[in-house]
Amino acid sequence: MADKIYIPHRYGSYVYETKESKWEIDYMLISKRCVNECVVDDVLYSHDRVMNTLRAYDPNQKSWRVVEGVEELLARTICSDWSYTVRYGGNLALLFRRPGEIWCAEISLERRLGGEIWGKVEWCDQVLTGNFKVMKSLSVMV
């Protein structure tokens, strides 16, 4: 993110500044436990299943924010036992499991004054039926 390399660690995230060839520690990044995260436009996104929020970490402001406007979608993920965020073009895709089904939602993102981030669900639908588990999600550009 922001031309830096982030290496998460439980005591602080190590950040390598590529232009200046120096190391920093970012303690705020690890203040929220995130798994299956992705980066869109230099912002880290993660679905916090415990709090059922979509979180965004801005490395320039070194702060976490809750993405607004996606509450109705997140209500559909409550019974999900896993979720993944994936970069999908310039948008965010949220993959989640419901009993016997895998769902995907595309979320467009908008940064507003004051640093707020709002999401708009472009579409949400079931993409697979069966008892599947996603092992890893990747964003591929061809």
Side-chain angles (χ1 to χ4, degrees), residues 1-20 23-142:
M1 295 181 291
D3 295 325
K4 297 178 183 180
I5 299 169
Y6 287 77
I7 303 168
H9 187 270
R10 65 180 173 196
Y11 299 118
S13 292
Y14 297 99
V15 182
Y16 183 68
E17 175 80 47
T18 57
K19 292 178 183 174
E20 298 177 25
W23 287 95
E24 305 171 351
I25 295 180
D26 184 341
Y27 294 103
M28 184 57 76
L29 181 57
I30 63 154
S31 67
K32 305 287 184 207
R33 183 175 183 271
C34 53
V35 294
N36 307 322
E37 63 276 352
C38 73
V39 175
V40 178
D41 295 330
D42 283 337
V43 175
L44 180 75
Y45 292 91
S46 178
H47 178 214
D48 180 340
R49 289 188 324 111
V50 173
M51 300 302 291
N52 201 31
T53 56
L54 184 60
R55 295 196 179 275
Y57 179 77
D58 185 331
N60 295 323
Q61 296 178 354
K62 293 191 179 196
S63 65
W64 283 99
R65 294 187 179 272
V66 172
V67 176
E68 303 291 341
V70 292
E71 296 80 11
E72 189 175 315
L73 168 65
L74 294 175
R76 301 172 91 178
T77 69
I78 288 175
C79 63
S80 178
D81 56 351
W82 56 258
S83 65
Y84 291 84
T85 56
V86 184
R87 182 188 164 113
Y88 182 67
N91 290 340
L92 180 76
L94 178 65
L95 295 160
F96 58 97
R97 182 174 181 266
R98 297 184 71 167
E101 304 169 339
I102 294 180
W103 285 68
C104 182
E106 179 182 1
I107 304 167
S108 59
L109 302 161
E110 177 189 356
R111 294 187 81 145
R112 296 189 179 172
L113 292 175
E116 287 184 340
I117 298 177
W118 280 74
K120 177 184 176 197
V121 178
E122 299 294 335
W123 61 269
C124 179
D125 210 343
Q126 174 187 336
V127 292
L128 284 172
T129 302
N131 193 16
F132 296 98
K133 177 168 173 65
V134 174
M135 300 304 287
K136 185 162 184 102
S137 57
L138 298 172
S139 176
V140 178
M141 192 180 310
V142 180

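Residue E122 holds its CD atom at 6.0 Å from CG of N91, rounded to the nearest 0.5 Å. Put simply, CD1 on I7 and OH on Y14 are 9.0 Å apart, with the number rounded to the nearest 0.5 Å. How far CD1 of I107 is from OG1 of T85: 9.0 Å, rounded to the nearest 0.5 Å.
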Output, in order, the C-alpha distance, side-chain angles, deciding distance and verdict of side chain to side chain contact (heavy atoms under 4.5 Å, CB included) for I102 and W82.
-> CA-CA 10 Å; I102 294 180; W82 56 258; 4.0 Å; yes

Any chance you could lay out the side chain to side chain donor-acceptor pair (under 3.5 Å) test for E110 and W118, step after step, and finish with the verdict?
-> CA-CA 5 Å; E110 177 189 356; W118 280 74; over 6 Å; no

Begin from the C-alpha positions of N60 and D42 and carry the test side chain to side chain contact (heavy atoms under 4.5 Å, CB included) through to its verdict.
-> CA-CA 9 Å; N60 295 323; D42 283 337; 5.7 Å; no

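Shown here for E106 and W123, the closest heavy-atom pair between the two residues is OE1-NE1, 2.6 Å. Nearest heavy-atom pair across Q61 and G115 is NE2-CA, 4.3 Å. Between E24 and E17, the shortest heavy-atom distance links the atoms OE2-OE1, 4.1 Å. Residues S80 and R49 share a closest heavy-atom pair of O-NH1, 2.8 Å. Nearest heavy-atom pair, V67 versus A56, reported as atom, atom and distance to 0.1 Å: CG2-CB, 4.0 Å.
Formation of a donor-acceptor pair under 3.5 Å by the S46 side chain with backbone atoms of E37 is not found in this model. Checking side-chain atoms of E71 against main-chain N and O of G69 turns up a donor-acceptor pair under 3.5 Å.
The shortest side-chain heavy-atom distance between E72 and V121 does not fall under the 4.5 Å cut-off. Residues L44 and M1 form a side-chain contact, since some pair of their non-hydrogen atoms from C-beta on lies under 4.5 Å apart. When side chains are defined from C-beta on, T77 counts as touching L94, because their heavy atoms get closer than 4.5 Å. Considering only heavy atoms from C-beta on, L73 stays 4.5 Å or farther from W103 through its side chain. Residues L109 and V43 fail the side-chain proximity criterion, which asks for heavy atoms closer than 4.5 Å. Within the 4.5 Å cutoff, the side chain of Y88 has no heavy atoms near those of the C38 side chain. Side-chain contact between V127 and C104 is present, with heavy atoms from C-beta onward closer than 4.5 Å. Between K120 and V70 the shortest side-chain heavy-atom distance does not fall below 4.5 Å.
Taking Y45 as the reference, nothing meets the ring pair (Phe, Tyr, Trp, His ring centres under 6.0 Å) condition, with sequence neighbours excluded. A search for side chain to side chain contact (heavy atoms under 4.5 Å, CB included) contacts involving D81 returns R97, not counting sequence neighbours. Every side chain to side chain contact (heavy atoms under 4.5 Å, CB included) that R55 has, sequence neighbours left out, goes to K32, D48, M51, T53, W64, V66.
A salt bridge is defined here as a Lys NZ or Arg NE, NH1 or NH2 lying under 4.0 Å from an Asp or Glu carboxylate O, and R111 with D41 fails to meet this definition.
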